[in-house]
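Quick caveat, the model's predicted, so the values are computed rather than measured. Residue numbers start from 1 in every chain, and the chains themselves are labelled A, B, ... in the order their sequence lines are given, proteins ahead of strands.
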Amino acid sequence: MKRTKINNLLKLENTPGDVLIKGWVRTKRDSKEFSFMEINDGSALKNIQVIANSNLDNYSDIEKITTGTSVSIMGKLVESPGKGQKWELQAKNIDIINIAPESYPLQKKRHSDEFLRTIAHLRPRTNKYGAAFRIRSEMAFAIHKFYKEKGFRYLTAPLITGSDAEGAGEMFRVTNLDPKRVKKQGEMNFDQDFFGQESNLTVSGQLSAEMFALALGDVYTFGPTFRAENSNTSRHAAEFWMLEPEMAFCDLNGNMDHGEELVKYLTQHAMDECSDDMALFSNFVDKSLKKRIDTILNSEFERISYTEAIDILQKSKKKFEFKVDFGTDLQSEHERYLAEDYFKKPVFLTNYPKTIKPFYMRMNDDDKTVAAVDLLVPGIGELIGGSQREERLSVLDKRMDEMNLPKKDYWWYLDSRKFGSVPHSGFGLGFERFLMLITGISNIRDVIPFPRTPGSIDF
RNA sequence: UCCCCAGUAGCUCAGUUGGCAGAGCAAUUGGCUGUUAACCAAUGGGUCCGCGGUUCAAGUCCGUGCUGGGGAGCCA
């Protein structure tokens, strides 16, 4: 008999008679003459209740079944006379695949997130993490669906790069030199390294995406990104996934339109396709989640300039630890105030001072600000960071000189401005931060299967 | 990297002025009427994070290290 997944069983209107399920026992309740078991196979949040009567031949073995045990069960799907579930399975045959001994760490009770992080290999077997990772999977799919529908092309940017001057923070070195030998020589000899020069793990696929946007029109990259910053916060990881759309013939407003449409589309998709899993988060993880999602879906995101934001912050009665002045980057407390207290919804901040932004952002006419855009969202802070790119070769040239960038390393990037340059825009969206936004999970370590953070690379 | 907090049974935590190591849940064993975080009873379970110090006496006080959490910076 062919196995039926539990999510499909639970959807049925009429009983198909006998079915075969395979999964893991979440809990067992014994009576004298029979046992109730709840089986979960990961296909859905919900379990199916199985009734094992004592007249089954291997009932003495069935009595020994513990939480975590893997089983294969054939039985008749019947309407449940008990409360709490529509269907239950009257077992005709129960095969125990593998008993989970008493040392199985997951109990039928709530565990702390901190404890579950220490058993990250088992935590997807819990309701909360199973739900989180089903949603993560569905959102990755939704990204591709969104871009397919919009006619974007998917580009895989290289993970190993030779350029290290993007200014996006510390990078992880990639080398196959023998550390013992390097120590003996006293220094790295990059000529002899695998690529014949210094190489690193990517901090962004943007520059690659720009080249492809200027060929295929609208493109996106979606893949892992690495930062060797010693960041110890609930919003940073050394390895995370970033979505980076890049659009030719697109200005800053088009960039924001796109970002807003994307965030709304993905959120709506999660609500439509993961309703049970999403309900778990709004019921048990974050009581304010429902309202937040409603705001994302049904409000227009605010759009203000950096200069206007400074004005709002300076006029605010709220006391800030750090002073705000034109030319300084906004602190966390300022970003949170704007998104959470002042506007109470996602806010695009545009046109930052050129002094605090990278070389590739397009210079505005005032010669003081650049066409940058950040999307600040309640609870997370920065979800999107992007810009309209500087497409004018002479302006880009001048900026790179000002910032002392080694132009010879960027010859190919500058070529794109030499040959048929066009206005174009793009941004990076932190995939994990987006998952935090829509689930209410407050630590980035809990939306990545096996998180990598400073001093921690278990599993 | 900086600031703050925490570390006691498998898990979550209590532990008073420094004076015999505790609870709930889990586990094990038994009971039980269709249960659903089942219920009832019994039993077992400890490097009180490590190291050093103060003291007649340290889970408790002091120093130090490690680990975890919250916040800041960096950013997505």
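- The side chain of A:S234 places an N or O atom within less than 4.0 Å of a non-bridging phosphate oxygen (OP1 or OP2) of B:G71.
- Between the side chain of A:E229 and the base of B:G73, no donor-acceptor pair under 3.5 Å is found.
- With rounding to whole Å, A:K32 atom NZ is found 12 Å from B:G30 atom C1'.
- Within 4.0 Å of A:E244, counting heavy atoms only, lies no atom of the nucleic acid at all.
- A distance of about 15 Å separates the P atoms of B:G22 and B:U43, rounded to the whole Å.
- OP1 or OP2 of B:U12 sits under 4.0 Å from a side-chain N or O of A:S112.
- For A:S31, no side-chain nitrogen or oxygen approaches OP1 or OP2 of B:C32 to under 4.0 Å.
- Between A:K108 and the phosphate of B:A37, there is no side-chain N or O to OP1/OP2 separation shorter than 4.0 Å.
- Among the nucleotides B:G24, B:U35, B:A76, the one closest to the side chain of A:R433 is B:A76.
- Distance CG (A:N232) to P (B:U67): 11 Å, rounded to an integer number of Å.
- Residue contacts shown for A:I384 are limited to sugar-phosphate atoms, with no base heavy atom under 4.0 Å away.
- Applying the 4.0 Å criterion to OP1 and OP2 of B:G70, one finds that A:N443 has a side-chain N or O inside that range.
- Residue A:Q331 places none of its side-chain N or O atoms closer than 4.0 Å to OP1 or OP2 of B:A72.
- One N or O donor and one acceptor, one from the side chain of A:Q49 and one from the base of B:U35, sit under 3.5 Å apart.
- Between the side chain of A:E38 and the base of B:U35 there is no donor-acceptor pair of N/O atoms closer than 3.5 Å.
- Contact check, A:R235 against B:A72: a side-chain N or O comes under 4.0 Å of OP1 or OP2.
- Whole-Å rounding puts the A:L116 CG to B:G69 C1' distance at 15 Å.
- Looking at A:R29, its side chain has no donor and acceptor atom pair within 3.5 Å of the base of B:C32.
- If you take NE2 of A:H236 and C1' of B:G70, they are 15 Å apart, rounded to a whole angstrom.
- Closest to the side chain of A:S332, from the set B:A72, B:A27, B:C11, is B:A72.
- Across all strands, A:Q90 comes closer than 4.0 Å to base atoms (heavy-atom distances).
- Counting non-hydrogen atoms under 4.0 angstrom, A:Q85 reaches a base of the nucleic acid.
- With hydrogens and angles ignored, a donor-acceptor pair closer than 3.5 Å exists between the side chain of A:E88 and the base of B:G34.
- Contact between the side-chain N/O atoms of A:R26 and the OP1/OP2 oxygens of B:A37 is not found at any separation under 4.0 Å.
- Out of B:C11, B:U35, B:G70, the shortest distance to the side chain of A:F115 is found at B:C11.
- Residue A:G385 is in sugar-phosphate contact alone, with no base atom involved, counting any heavy-atom pair closer than 4.0 Å across all strands shown.
- In this structure, the aromatic ring of A:F240 is positioned over the six-membered ring of the base of B:A76, centres within 5.5 Å and planes within 30°.
- For A:Q107, the side-chain atoms get nearest to B:A26 when compared with the rest of B:G69, B:G34, B:A26.
- Within 4.0 Å of A:D30, counting heavy atoms only, lies at least one base atom of the nucleic acid.
- If you take atom C1' in B:U12 and the same atom in B:C48, they sit 16 Å apart, rounded to whole Å.
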